[in-house]
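Just below is one structure, and these are the notes that go with it.
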Amino acid sequence: MTELTTRERMLRTYRRQEIDRILMVDSAWAGTVARWKREGMPAGVDWQDHFGYDKIVRVCPDNSPRYEKKIIEDTDRYTIVTTPWGNTQRKFKELDSTPEWLGFHYDSSDKWPEAKARMLEYHDDRIPWDYLKKNYPKWKAEGRFLQLVVWFGFDVAHSRLTGTENFLIGMYEEPEWICDVIDTYLTTSLDLCQRILDAGYEFDGIFWYDDMGYKNSTFFSPEMYREILKPFHKRAIDWAHERGLVTELHSCGFIEPFVPDLVEIGLEMLNPLEIKAGMDPARLKSLYGDRLAFHGGINAQLWDNIDLVKAEMERIIPIMKEGGGYVFASDHSIPNSVSYRNMCEITELAKKLGKY
């Protein structure tokens, strides 16, 4: 087989067609990359280029309510800020730190109309036109796989707009409010993505973040998923398919109970298959591998132990690549516990095991 571009490999992977090798698409923490540079990775080189990972492009229009951004407190260790989504967070200045959510302005249904009105104010600068104009010709020339990020769902609404507890209670007590929130997220995001397509930019697929599980459990029942969230997932997938685009969902945590429904509504790729939360890539492959492609599934907690991670790769990759439909990656992202030497060996083994 002749050398394929990233775009060609990815489209074939979605369709579980013949390829020359599996793709390698992952993300690394800032502290991880800094460590690799200290341990021998050349300066001024993108880590993906250095290790030979495939590079894809994701473009995400801004459908936020554009709440006022301001700095409330700034110290040597952290900054407290308000964000365009109306939440207040403490952002720590250490590499790889997680923000602490301190409060949410739009935390109830009576405050939602204000946020909704703001989200429905379409301004041209919600789309990164200059970024597209500058980089799109290069992406196409390099054979990149291009995804539009559709910003909607349980995850991005509870984590940025309302707060988790408020959203989950709302799903039970005020489902009309929650459905309106998700509908507004999806409508505004798809409208903005359509403007990009109408401007002549060609994309290959859509991608969305919707973490619906935590360790060994989902955030809500399959029945509630079908009642509230599934119709919006289906709408996004149908929108994509009507435009010839493929679909990928990133959902952390244990979400296996939802997978039959996701397959039913036409999802084509699932990411990241989080092992520490209870996901089993081999089981998912055996149950759904004829209808669903997979991205991830290599336990990131093992990557600092080269013997353990190699054994896991040797067990998982042959299973996942059989019949096509697999993209190699960690089961979330590459943490800063992974040394440069380990990453070199992991990459070498992934390329060896990934050949067809």
For this session: Could you label the plane-to-plane angle of the Phe207 and His250 rings as parallel, tilted or perpendicular, counting under 30° as parallel and over 60° as perpendicular?
Result: tilted

Seminar exercise, completed: Sorted by chain and number, sequence neighbours left out, salt bridge (charged side-chain N to carboxylate O under 4.0 Å, His left out) with Glu94 holds for Arg77

Problem set entry | Pair Trp151 and Tyr185, ring centroids less than 6.0 Å apart | no

For this session: List the atom of Asp62, the atom of Leu192, and the distance in Å for their closest heavy-atom pair.
Result: O-CD1, 3.6 Å

Show me, pair by pair, the donor-acceptor contacts under 3.5 angstrom made by side chains of residues 349-356, not counting sequence neighbours?
residue : atom : partner : partner atom : Å
Lys351  : NZ   : Phe51   : O            : 3.0
Tyr356  : OH   : Lys321  : O            : 2.6

Exercise. Trp47 and Trp36: aromatic ring centres closer than 6.0 Å?
Worked result: yes

For this session: Determine, stepwise, if the pair Arg226 / Asp261 fulfils salt bridge (charged side-chain N to carboxylate O under 4.0 Å, His left out).
Result: CA-CA 8 Å; Arg226 295 179 190 120; Asp261 292 278; 3.0 Å; yes

Exercise. So which heavy atom on Ala282 is nearest to which on Met320, and how close?
Worked result: N-SD, 4.1 Å

For this session: For the pair Trp139 and Tyr131, evaluate ring pair (Phe, Tyr, Trp, His ring centres under 6.0 Å) and give the outcome as yes or no after the intermediate values.
Result: CA-CA 12 Å; Trp139 297 335; Tyr131 175 69; 5.3 Å; yes

Problem set entry | CA sep, side-chain torsions, deciding dist, call: Arg21, Asp54, salt bridge (charged side-chain N to carboxylate O under 4.0 Å, His left out) | CA-CA 11 Å; Arg21 63 167 178 84; Asp54 297 282; 3.0 Å; yes

Problem set entry | Close side-chain approach of Ile228 and Cys179, heavy atoms under 4.5 Å | yes

Let me have the donor-acceptor pairs involving side chains of residues 159-168, under 3.5 Å, with sequence neighbours excluded, atom names and distances please.
residue : atom : partner : partner atom : Å
Ser159  : OG   : Asp155  : O            : 2.7
Thr164  : OG1  : His158  : ND1          : 2.7
Asn166  : ND2  : Thr162  : O            : 2.7

Exercise. Between Phe104 and Trp85, does the ring centre distance come in under 6.0 Å?
Worked result: no

For this session: Would you please indicate if the ring centroids of Tyr14 and Phe145 are separated by under 6.0 Å?
Result: yes

Exercise. Between Arg315 and Glu312, is the closest basic N to carboxylate O distance under 4.0 Å?
Worked result: yes

Seminar exercise, completed: Shortest non-hydrogen pair, Ser330 vs Asp26, comes out as N-OD2, 2.7 Å

Exercise. For residues His241 and Glu268, is any side-chain donor paired with an opposing acceptor at under 3.5 Å?
Worked result: yes

Exercise. Are any of the side-chain heavy atoms of Met41 and Arg35 separated by less than 4.5 Å?
Worked result: no

Seminar exercise, completed: Those residues at least two apart in sequence (or on a different chain) that pass salt bridge (charged side-chain N to carboxylate O under 4.0 Å, His left out) with Glu142 are Arg144

For this session: Any pair with a residue in residues 197-207 that passes side chain to side chain donor-acceptor pair (under 3.5 Å), sequence neighbours left out, goes on the list, sorted by first then second residue, please.
Result: Arg7-Asp204, Gln194-Asp198

Exercise. In this structure, are over 12 heavy atoms from other groups packed under 6.0 Å from Arg291 atom CZ?
Worked result: yes

Exercise. Tyr78 and side-chain hydrogen bond (donor to acceptor under 3.5 Å, both in side chains): which partner among Glu100, Gln89, Glu73?
Worked result: Glu73

For this session: Tell me, with the steps shown, if Arg341 and Glu345 meet salt bridge (charged side-chain N to carboxylate O under 4.0 Å, His left out).
Result: CA-CA 6 Å; Arg341 179 175 179 179; Glu345 293 191 38; 3.6 Å; yes

Exercise. Residues in side chain to side chain donor-acceptor pair (under 3.5 Å) with Ser109, at least two apart?
Worked result: Glu174

Exercise. Within a radius of less than 6.0 Å around NZ of Lys55, do more than 12 heavy atoms belonging to other residues, nucleotides or ligands occur?
Worked result: yes

Seminar exercise, completed: Heavy-atom nearest pair, Gly297 first then Ile275, reads O-CD1, 3.5 Å

Exercise. Under 4.5 Å between any side-chain heavy atoms of Met313 and Ile346, yes or no?
Worked result: yes

Problem set entry | Under 3.5 Å side-chain donor-acceptor pair for Ser251 and Asp210 | no

For this session: State yes or no: do Tyr53 and Ile22 share one hydrophobic cluster built from I, L, V, M, F, W and Y residues joined by side-chain heavy-atom distances below 4.5 Å, directly or via other members?
Result: yes

Seminar exercise, completed: Contacts of Asp191 meeting salt bridge (charged side-chain N to carboxylate O under 4.0 Å, His left out) (sequence neighbours excluded), chain-then-number -> none

Exercise. Asp238 versus Lys234: any side-chain heavy-atom pair under 4.5 Å?
Worked result: yes

Exercise. Taking the six-membered ring for Trp, are His233 and Phe258 ring centroids under 6.0 Å apart?
Worked result: no

Exercise. So, for Ile56 and Gln147, which heavy atoms are closest and what is the spacing to 0.1 Å?
Worked result: CD1-OE1, 3.6 Å

For this session: May I ask you to test the Thr98-Phe92 pair for a side-chain heavy-atom distance under 4.5 Å?
Result: no

Exercise. At their closest point, which heavy atom of Ala293 faces which heavy atom of Arg16, and how far apart are they?
Worked result: N-NH1, 4.3 Å

Problem set entry | Beyond-backbone contact of Leu23 with His295, side-chain heavy atoms, under 4.5 angstrom | no

Exercise. Do other residues, nucleotides or ligands put more than 12 heavy atoms under 6.0 Å from the NZ atom of Lys111?
Worked result: yes

Problem set entry | Flag if over 12 foreign heavy atoms under 6.0 Å of CG, Asp46 | yes

For this session: Assess the side chains of Arg235 and Thr187: does a donor N or O sit below 3.5 Å from an acceptor N or O?
Result: yes

Exercise. So, Asp74 and Thr79: side-chain donor and acceptor under 3.5 Å apart, yes or no?
Worked result: yes

For this session: Decide yes or no for Tyr209 and Leu249: does some side-chain heavy atom of the first lie under 4.5 Å from some side-chain heavy atom of the second?
Result: no

Exercise. What residues form a salt bridge (charged side-chain N to carboxylate O under 4.0 Å, His left out) with Glu274, not counting sequence neighbours?
Worked result: Lys276

Exercise. Excluding sequence neighbours, so at least two apart, what forms side chain to side chain donor-acceptor pair (under 3.5 Å) with Trp112?
Worked result: Asp180

Problem set entry | Student check: side-chain heavy atoms of Ile19 and Leu4 closer than 4.5 Å | yes

Seminar exercise, completed: Residue set satisfying side chain to side chain contact (heavy atoms under 4.5 Å, CB included) with Gln17, at least two apart, ordered chain then number -> Arg12, Arg15

For this session: With sequence neighbours left out, write down each residue that passes side chain to side chain donor-acceptor pair (under 3.5 Å) with Trp101, or none if nothing qualifies.
Result: none

For this session: Identify which one of Phe232, Tyr225, Phe220 satisfies the side-chain contact (heavy atoms from CB on, under 4.5 Å) criterion when paired with Phe154.
Result: Phe220

Exercise. Do we see a donor-acceptor contact under 3.5 Å between the side chains of Asp124 and Trp129?
Worked result: yes

For this session: Apply side chain to side chain contact (heavy atoms under 4.5 Å, CB included) to Asn336 and list each qualifying residue two or more places apart in sequence or on a separate chain.
Result: Trp29, Thr32, Asp96

